[in-house]
Amino acid sequence: KDWALVIHGGAGTISKDKPDSVVKAYKNDLSEALAIGEDILKSGGSALDAVENVINYLENNPKFNAGKGAVFTHDGGHELDAAIMLGNTREAGTITGVKTVKNPISLARLVMENSKHVMFAGDGAEKYADKFELERVNQEYFYTEHRHKAWKRALKREKQKDAQSGLMELTPKELKEKYG
Amino acid sequence: TVGAVAVDKEGQIVAGTSTGGMTNKKFGRVGDVPIIGSGTYASDVVAVSMTGWGEKIMRAVSGHTVSAYMKHKPASLEEAGSYLLEDLLNKGEAGMIAVDKDGNTYMGMNTLGMFRGAADSEGNREVAIWE
C-alpha cells in the first residue's frame, strides 16, 4: 500500500440508544475527518500533515473531547493534552495541561520540530506557545452545554459519595446525632 | 480524546493524539495521551493512538508494548493489538488504533464502542462506532 490512515474520536460506553440522527451526525463527522487525511495522503502529502490536520478537525468539532468540546476539570476549567510522534526517527513532541491553545496537537508538533525537549507542561507549555504564531483562545471557547451538564453530574455524584463515606466514618453515637 | 495514525508514500509513520482529559479532573492529573509510549507512540514498525482509562493505558505502557510485541515476538499488528486489549488490559478500559509500516490498519477496543474510521490507498474505507 502507498498510504493508510486510521482515526478515532474516543472510546467508552457509547450508549446504543442514541437517536439515529445523532449516530448519523457522528459518522458523518468521522467521514469528513477521514477525507481530510485521505486528500493529503492521496496527493503525496506527509503522514505528519495528515495526522495534524485530521486531529485539528476533530479538536474543532464540539462533539469530541479535545479542543472545543473538552470536558471540565473539577475547578470548572479546561486543561488540554496532546502528543505526536514520528516513528522513523522517534522524534516526538507532547504537551500537557494547556488552557489557551486552540489546537494542542499543533503545539505538540511545534515542540517536536523546534525544541530539543519532548514534553512541556502547564504554564511552561503556554510560554513556549507564545514563541509561535499559534491561535490562542480563552477558556470560554472550549465550553459546550453537554460537557457542562456532565461536569455538574460528576460534582453531584462526588458530593453524594463524600457524604456517604463521611457517614461511614462516624461512630454509631455520632451517626445518631448526625441524623439529629 | 481524538487520535490519528498514518503511513505515507515516503514510508513516514506517525501517531498523534489530543484530549480534554477526564471530567472533574483534579490536582493537575495527567492521563496517557501526552505520555510517549503509553497513549501515543510510533516506532519504525507501527504507530499507535490509545483512548479510554488513562491510568490503565499508562500502566500497560500500551503503545510501546504493541511495538515491542510486534518486533520481538515477532507478531502481526493484529496479534499485538489483541495481546494488549485482551491479555493486558481489562474489559471496558481502552480502544486502540494503529497502522504498521506496510499499511495494515487496526481498530480494536474492549469497550462498548469507539468512534473510528480507516482508509487506505487500495480503496478500503470504513467508519464505525460500535462493533
Side-chain angles (χ1 to χ4, degrees), chain A residues 1-14 16 23 26-27 30-31 33-34 37-38 41 44 46-48 50-52 54-55 58-59 64-67 70-74 78-88 92 94-97 104-105 118-119 150-151 154-155 158, chain B residues 1-26 28 30-31 33-34 36 39-44 46-47 49 51-52 94-95 97-99 102-103 105-107 109 111-122 125 127 129-130:
Chain A
K1 294 181 190 173
D2 277 345
W3 57 266
L5 168 71
V6 193
I7 70 171
H8 75 75
T13 52
I14 303 167
K16 290 198 174 179
V23 174
Y26 268 96
K27 288 192 169 180
L30 289 167
S31 186
L34 211 47
E38 284 172 294
L41 293 165
S46 73
L48 268 174
V51 165
E52 181 185 8
V54 164
I55 291 179
L58 294 168
E59 286 172 334
F64 303 103
N65 174 22
V71 298
F72 283 77
T73 65
H74 179 74
H78 304 276
E79 295 172 0
L80 310 172
D81 308 334
I84 193 163
M85 185 165 191
L86 170 53
N88 312 67
T94 125
I95 47 129
T96 181
I105 194 69
V118 170
M119 185 176 208
W151 172 56
L155 289 179
E158 187 178 55
Chain B
T1 303
V2 301
V5 293
V7 61
D8 64 26
K9 284 179 177 166
E10 306 301 320
Q12 205 185 52
I13 183 165
V14 176
T17 320
S18 181
T19 187
M22 186 179 80
T23 301
N24 201 20
K25 183 171 75 170
K26 287 183 191 170
V30 179
V33 164
I36 292 298
T40 309
Y41 185 69
S43 68
D44 50 354
V46 70
S49 174
T51 173
I97 61 166
V99 65
D102 304 318
T105 59
Y106 181 86
M107 299 187 283
M109 62 197 176
T111 53
L112 249 186
M114 172 166 68
F115 296 114
R116 61 194 188 278
D120 65 27
S121 53
E122 291 176 352
R125 190 179 209 277
V127 167
I129 296 178
W130 295 287

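Below, chains carry the letters A, B, ... as their sequence lines are ordered, and counting in each starts from 1. For clarity, every value in this text was computed on a predicted model and none was experimentally measured.
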- Query: Among A:Leu48, A:Leu58, A:Leu41, which has the most heavy-atom pairs under 4.5 Å with chain B?
  - Reply: A:Leu48
- Task: Would you mind checking which part of A:Ile95 comes under 4.5 Å of any heavy atom in chain B, side chain (CB onward), backbone (N, CA, C, O), both or neither?
- Result: backbone
- Can you name the closest pair of heavy atoms from B:Gln12 and A:Ser46 and give their distance? OE1-CB, 3.5 Å
- Would you say A:Asp2 and B:Glu122 make side-chain contact, with heavy atoms under 4.5 Å? no
- Item | Per-residue contact mode, A:Val51 against chain B (heavy atom under 4.5 angstrom) | both
- Report yes if the side chains of A:Asn88 and B:Ile13 come closer than 4.5 Å at any heavy-atom pair, otherwise no. yes
- Item | Best-contacting candidate, B:Ala118, B:Gly3, B:Gly16, against chain A by heavy atom pairs under 4.5 angstrom | B:Gly3
- Considering residues at least two apart in sequence or located in another chain, which fulfil the side-chain contact (heavy atoms from CB on, under 4.5 Å) criterion with B:Ala119? A:Trp3, A:Leu34, A:Glu38, B:Arg125
- With a 4.5 Å limit on heavy-atom distance, are the side chains of A:Lys27 and B:Ile129 in contact? yes
- Message: So for B:Tyr106, is it side chain, backbone, both, or neither that comes closer than 4.5 Å to the heavy atoms of chain A?
- Response: backbone
- Note on the structure: Checked B:Asp44, B:Val46, B:Val7, B:Leu112 vs chain A; the most non-hydrogen pairs under 4.5 Å come from B:Val7
- Task: Could you check which of B:Thr40, B:Val14, B:Val127 has the highest count of heavy-atom pairs closer than 4.5 Å to chain A?
- Result: B:Val14
- Task: Scan B:Val33, B:Thr51, B:Ile97, B:Val2 and name whichever one has a side chain to side chain contact (heavy atoms under 4.5 Å, CB included) with B:Thr17.
- Result: B:Val33
- Item | chain B contact via A:Glu158 - which portion, at a heavy-atom distance below 4.5 Å | side chain
- Note on the structure: Ranked by heavy-atom pairs below 4.5 Å to chain B, first place among A:Ser31, A:Ala50, A:Ala70, A:Ala154 goes to A:Ser31
- Message: Please give me the minimum heavy-atom distance between B:Gly103 and A:Ala4, naming the atom from each residue.
- Response: O-CB, 3.4 Å
- Query: Which distance, rounded to the nearest 0.5 Å, do you find between the CG of B:Asp8 and the CG of A:Leu5?
  - Reply: 11.0 Å
- Item | Winner by heavy-atom pair count (cut-off under 4.5 Å) against chain A, out of B:Ser121, B:Ala6, B:Ala42, B:Ala4 | B:Ser121
- Heavy atoms only, distances under 4.5 angstrom: which of A:His78, A:His74, A:Lys16, A:Glu79 has the most pairs with chain B? Name it, please. A:His74
- Message: Under a 4.5 Å cutoff for heavy-atom pairs, which residue among B:Gly31, B:Gly95, B:Ser49, B:Ala94 has the most contacts with chain A?
- Response: B:Ser49
- So what's closer than 4.5 Å to chain B heavy atoms on A:Val23: side chain, backbone, both or neither? both
- Message: I'd like to check the salt bridge (Lys or Arg N to Asp or Glu O under 4.0 Å) partners of A:Lys1; sequence neighbours left out, ordered by chain and number.
- Response: B:Asp120
- Which of A:Val71, A:Asn65, A:Ile84, A:Thr94 touches chain B most, by non-hydrogen pairs under 4.5 Å: A:Asn65
- Non-hydrogen atoms of chain A under 4.5 Å away: do they reach the side chain of B:Met107, the backbone, both or neither? side chain
- What orientation do B:Phe115 and A:Tyr26 show, parallel under 30°, tilted 30 to 60°, or perpendicular over 60°? parallel
